[in-house]
Colleague: 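Take this structure, written in structure tokens, and hold onto it; I'll ask about it next.
Just follow the structure's listing: the first ligand is 1, and inside any ligand the first atom is 1. Here, residue 1 is the first one in the sequence, and each next residue gets the next number. Keep in mind it's a predicted model, so treat the numbers as computed, not measured.
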Amino acid sequence: MGDPKQVNINSGGTAANTYDAIVVGSGISGGWAAKELCEKGLKTLVLERGRNVVHIKDYTTSTMHPWEFPNRLELTEQDREENPVQCQAYDEGSKQFYVKDKEHPYIQSDPFYWIRGYQLGGRSLVWGRQTYRLSDLDFEANAKDGHGVDWPIRYKDIAPWYDYVEQFVGISGQAAGLAHLPDSVFLPPMEMNCVETHFREESKKHFPDRPVIHGRVANLTRGWNGRGPCQFRNLCDRGCPFSGYFSSNAATLPVAAATGNLTIQPHAIVYQVIYDERTKKASGVRVIDELTKKTTDYFAKIIFLNASTIATASILLQSTSNRFPNGMGNDSDQIGRNLMDHHMGSGATGAYMGFKDQYYSGRRPTGIYIPRFRNLDEKTKRADFLRGYGYQADGERREWKDTMLAGDDFGADYKKSLATPGPWSIWMGAWGECLPNPDNRITLEQDKKDSWGLPLVNVHFKFGDNEKAMRKDAQQAAAEMLQAAGFENVQPFDYHTTAGSAVHEMGTARMGQDPKTSVLNAHNQIHEVKNVFVTDGSCMTSSACQNPSLTYMALTARACSFAVEELKKGNL
Ligand SMILES: Cc1cc2nc3c(=O)[nH]c(=O)nc-3n(C[C@H](O)[C@H](O)[C@H](O)COP(=O)(O)OP(=O)(O)OC[C@H]3O[C@@H](n4cnc5c(N)ncnc54)[C@H](O)[C@@H]3O)c2cc1C
């Protein structure tokens, strides 16, 4: 952010620390809450635990060439030793936007990568920008097969809010008319290359129920709302000086700041929501300054929690009081439970020997997508697993081999191979639904503390048989599609990816109709504390298989509209 107002963390008494609304976290969902609340006239304080990141100025690596990096963008032994979790997601060009594992420890009772970006903008700076709507297939899934609880909303409740956020975000893609993957409001799609077009046409013949569509992505294929367009550099996770993709820093926060209603406080670690026994509402939040470690209380009429799924659950679990001895809004004992992450890293690759005279220009920041085709109806029903997966895929002029994944190509042969582009290839990887399971959860370790004296998060998470069966099918189905389309050297793969790798963690404060079994109602309000709204991934009642952030945006905008109406009516 360039020029938001900033407050001193110990500035005076209650009046000076009082706002209409507080938003905790400035990532994808917090940025949306800030924009909506500020635009509706509320004096809004955004509390962000990380540093300020000034749009464009702080994208220090965004125009660097690979040879300008000391390690040519490769990870070092030091990265692997000191940042074993975060280095799964970063390279030398983007590591400044990820936390340092040593400074931000947590306990993995089961292996789970908790990949985080603590700064203004959160992970909106580094996300992959794949954006897909959920449908009633997803909103009805829990009710139909009995896993988890029923969502309190249906597609019709969120559809106008998808429209609303998409018109602001700008999503490139093409309408496909699929009921189970509703179309967004689209900017023009990026071009498929020749091997992808070939694959699409062949798949139409051999697998008419598995359409191959353009990747839907929050990169701007034309100038949009004063941003972009995308320059096809595919260096998005370093921050984009062209504002070519959606981030809080490029999009929502500047609009919020322009209202004059926004105050941003960086280095502000929120660790509790304060409960007022008299009003039966939250009165504010407790903050510890990241740098000075001093604590301050901030007050507001409404509070939006957008610290991201695991952090938000941890704040709520720390918010104990006489009324809520086990954490605010935790009468149901569901806070921290039902943690989900998409399983990813199974699929297939194949080489195509044709089109040797063709190439492409530019570096497109997305590929193609094959929407879910399993368990859509009786005809596509599987005996071995429930729900399904979609493939993200990518056609390139290079040969896929395992050594490329390890990054250890070397020497004269490698140099020669760079001068000869080799055959075309397609990589297809499944992102699959994860069933809600109350035993997959986070808890707090009261006797193990971080540098700020706050209890460490402990993650307990195992993928179940359903996810495992889906991964098997995802390999076979990808391989049969590639084979049918004339690809050679087709190789199914399973990278045995650690949970958390999809970075789509969600579910720890689920929405539901019944306060006995859920934390939030249909408007993302805590059932028992009506002026606290949770609109990050915590609220998700099931995971579907689509990349989730678009849904967090839509739910946030919807909840903000509701919250402001309720405020006006005097209900909060
Ligand atoms: C490499 C990568 C690729 C991804 N690709 C995609 C994709 O293609 N599509 C997709 O939909 N999603 C993708 N994601 C996931 C996406 O980034 C997240 O779903 C999204 O950012 C979640 O939004 P959020 O607002 O909940 O959290 P975040 O964006 O993580 O923001 C949370 C913010 O809260 C702050 N915070 C945390 N704790 C506190 C506290 N106690 N007090 C104050 N502030 C706090 C953090 O510093 C951060 O700024 C990807 C993520 C990564 C890392």
Colleague: Select one of side chain, backbone, both or neither to describe which atoms of Val24 lie under 4.0 Å from any atom of ligand 1, heavy atoms only.
Modeller: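 Answer for Val24: side chain.
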Colleague: Identify the protein heavy atom lying closest to atom 2 (C) of ligand 1, giving its residue, its atom name and the separation to 0.1 Å.
Modeller: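 Nearest neighbour among protein heavy atoms for atom 2 (C) of ligand 1, to 0.1 Å: Val126 O, 3.8 Å.
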Colleague: What do we get for Ala307 next to ligand 1 when only non-hydrogen atoms under 4.0 Å count, side chain, backbone, both or neither?
Modeller: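 Within the 4.0 Å criterion, Ala307 contacts ligand 1 through backbone and side-chain atoms alike.
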Colleague: Using a 4.0 Å cutoff against the non-hydrogen atoms of Asp536, which atoms of ligand 1 qualify?
Modeller: 26 (O)
Colleague: Which option out of Ser314, Gly128, Ser248 puts a heavy atom nearest to atom 6 (C) of ligand 1?
Modeller: Gly128
Colleague: By number and element, which atoms of ligand 1 are closer than 4.0 Å to a non-hydrogen atom of Gln119?
Modeller: 47 (O), 49 (O)
Colleague: side-chain hydrogen bond (donor to acceptor under 3.5 Å, both in side chains) for Asp536 and Thr312? Distances and angles first, verdict last.
Modeller: CA-CA 8 Å; Asp536 58 22; Thr312 288; 2.6 Å; yes
Colleague: Return a yes/no value for Ile28: is any of its N or O atoms, backbone included, closer than 3.5 angstrom to an N or O of ligand 1?
Modeller: yes
Colleague: In the protein, which heavy atom is nearest to atom 27 (O) of ligand 1, and how far is it?
Modeller: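 So the nearest neighbour among protein heavy atoms is Ser308 CB, 3.3 Å.
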Colleague: Going by the atom numbers of ligand 1, which of them fall below 4.0 Å from some non-hydrogen atom of Ala268?
Modeller: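 Every atom of ligand 1 under 4.0 Å from some heavy atom of Ala268: 42 (N), 43 (C).
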Colleague: What protein heavy atom sits nearest atom 31 (O) of ligand 1, and how far off is it?
Modeller: Gly27 CA, 3.2 Å
Colleague: Which residue supplies the protein heavy atom nearest to atom 10 (C) of ligand 1, what is that atom called, and how far is it?
Modeller: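 For atom 10 (C) of ligand 1, the nearest protein heavy atom is Ser549 OG, 3.2 Å.
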Colleague: Atoms of ligand 1 less than 4.0 Å from Gly117 heavy atoms?
Modeller: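 Checking each atom against Gly117, I get 46 (C), 47 (O), 48 (C), 49 (O).
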Colleague: Taking His104 as the fixed residue, which of Trp452, Trp114, Tyr98 is the one that meets the ring-ring contact (aromatic ring centres under 6.0 Å, His included) rule?
Modeller: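 Only match with His104 under ring-ring contact (aromatic ring centres under 6.0 Å, His included): Trp452.
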Colleague: Which atoms of ligand 1 are found less than 4.0 Å from any heavy atom of Ile315?
Modeller: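 It comes down to these atoms of ligand 1: 41 (N).
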Colleague: Any side-chain heavy atom of Arg286 within less than 4.5 Å of one from Gln318?
Modeller: no
Colleague: Decide yes or no for Val529 and Asn531: does some side-chain heavy atom of the first lie under 4.5 Å from some side-chain heavy atom of the second?
Modeller: yes
Colleague: Given side chains that start at C-beta, do those of Lys35 and Cys560 come closer than 4.5 Å, heavy atoms only?
Modeller: no
Colleague: Could you check if a side-chain atom of Phe304 sits within less than 4.5 angstrom of a side-chain atom of Ser29, using non-hydrogen atoms only?
Modeller: no
Colleague: Can you confirm if the NZ or CZ of Arg227 lies within 45° of the ring axis of Phe168 and under 6.0 Å from the centre of its six-membered ring?
Modeller: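 So Arg227 does make the cation-pi contact.
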Colleague: From the options Lys95, Arg238, Gln96, select the one residue that forms a side-chain hydrogen bond (donor to acceptor under 3.5 Å, both in side chains) with Thr61.
Modeller: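 Among Lys95, Arg238, Gln96, the one that satisfies the side-chain hydrogen bond (donor to acceptor under 3.5 Å, both in side chains) with Thr61 is Gln96.
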Colleague: Which of the atoms of ligand 1 are close to Tyr98, meaning less than 4.0 Å from one of its heavy atoms?
Modeller: 1 (C), 53 (C)
Colleague: For atom 9 (N) of ligand 1, which candidate among His267, Gln130, Gln86, Arg216 holds the nearest heavy atom?
Modeller: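 The nearest heavy atom belongs to Gln130.
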Colleague: Please write down residue, atom name and distance for the protein heavy atom closest to atom 35 (C) of ligand 1.
Modeller: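 The closest heavy atom on the protein side is Glu48 OE1, 3.4 Å.
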Colleague: When you measure from the side chain of Gln272 to the backbone N and O of Ser319, does any donor-acceptor pair fall under 3.5 Å?
Modeller: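 Judged by distance alone, no pair lies under 3.5 Å.
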Colleague: Please name the residue in the list Leu456, Ile335, Thr508, Val457 that meets the side chain to side chain contact (heavy atoms under 4.5 Å, CB included) test with Ser314.
Modeller: Val457
Colleague: Which atoms of ligand 1 are found less than 4.0 Å from any heavy atom of Tyr118?
Modeller: 37 (C), 46 (C), 47 (O)
Colleague: Can you tell which of Thr556, Val270, Val503 gets a heavy atom nearest to atom 15 (C) of ligand 1?
Modeller: Val503
Colleague: Atom 13 (C) of ligand 1: which protein heavy atom is closest, and how many Å away?
Modeller: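 Sorting protein heavy atoms by distance from atom 13 (C) of ligand 1 puts His504 NE2, 3.5 Å first.
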Colleague: Would one find an N or O of Thr309, backbone or side chain, under 3.5 Å from an N or O of ligand 1?
Modeller: no
Colleague: With side chains defined as the heavy atoms from C-beta onward, is the minimum distance between Leu181 and Ile213 less than 4.5 Å?
Modeller: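 Yes, side chains in contact.
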Colleague: Could you check whether any side-chain heavy atom of Ser184 comes within less than 4.5 Å of a side-chain heavy atom of Tyr162, counting everything from C-beta outward?
Modeller: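 Result no, sub-4.5 Å side-chain heavy-atom pair not found.
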Colleague: Taking non-hydrogen atoms only, is Tyr271 closer than 4.0 angstrom to ligand 1 via side chain, backbone, both or neither?
Modeller: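 For Tyr271, there is no contact with ligand 1 at all, from either part.
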Colleague: Do me a favour and list the nearest non-hydrogen protein atom to atom 30 (O) of ligand 1 with residue, atom name and distance?
Modeller: Arg123 NE, 2.7 Å
Colleague: Taking 4.0 angstrom as the limit and counting only heavy atoms of Leu47, give me the atoms of ligand 1 inside it, by number and element.
Modeller: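 Checking each atom against Leu47, I get 43 (C), 44 (N).
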Colleague: Stepwise, does the side-chain contact (heavy atoms from CB on, under 4.5 Å) test hold for Val53 with Arg51?
Modeller: CA-CA 6 Å; Val53 170; Arg51 67 184 167 112; 3.9 Å; yes
Colleague: Mind checking what makes ring pair (Phe, Tyr, Trp, His ring centres under 6.0 Å) contact with His214, not counting sequence neighbours?
Modeller: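 His214 satisfies ring pair (Phe, Tyr, Trp, His ring centres under 6.0 Å) with no other residue.
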Colleague: Distance to 0.1 Å, residue and atom name: give those for the protein heavy atom nearest to atom 24 (P) of ligand 1.
Modeller: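 The closest heavy atom on the protein side is Ser29 OG, 3.6 Å.
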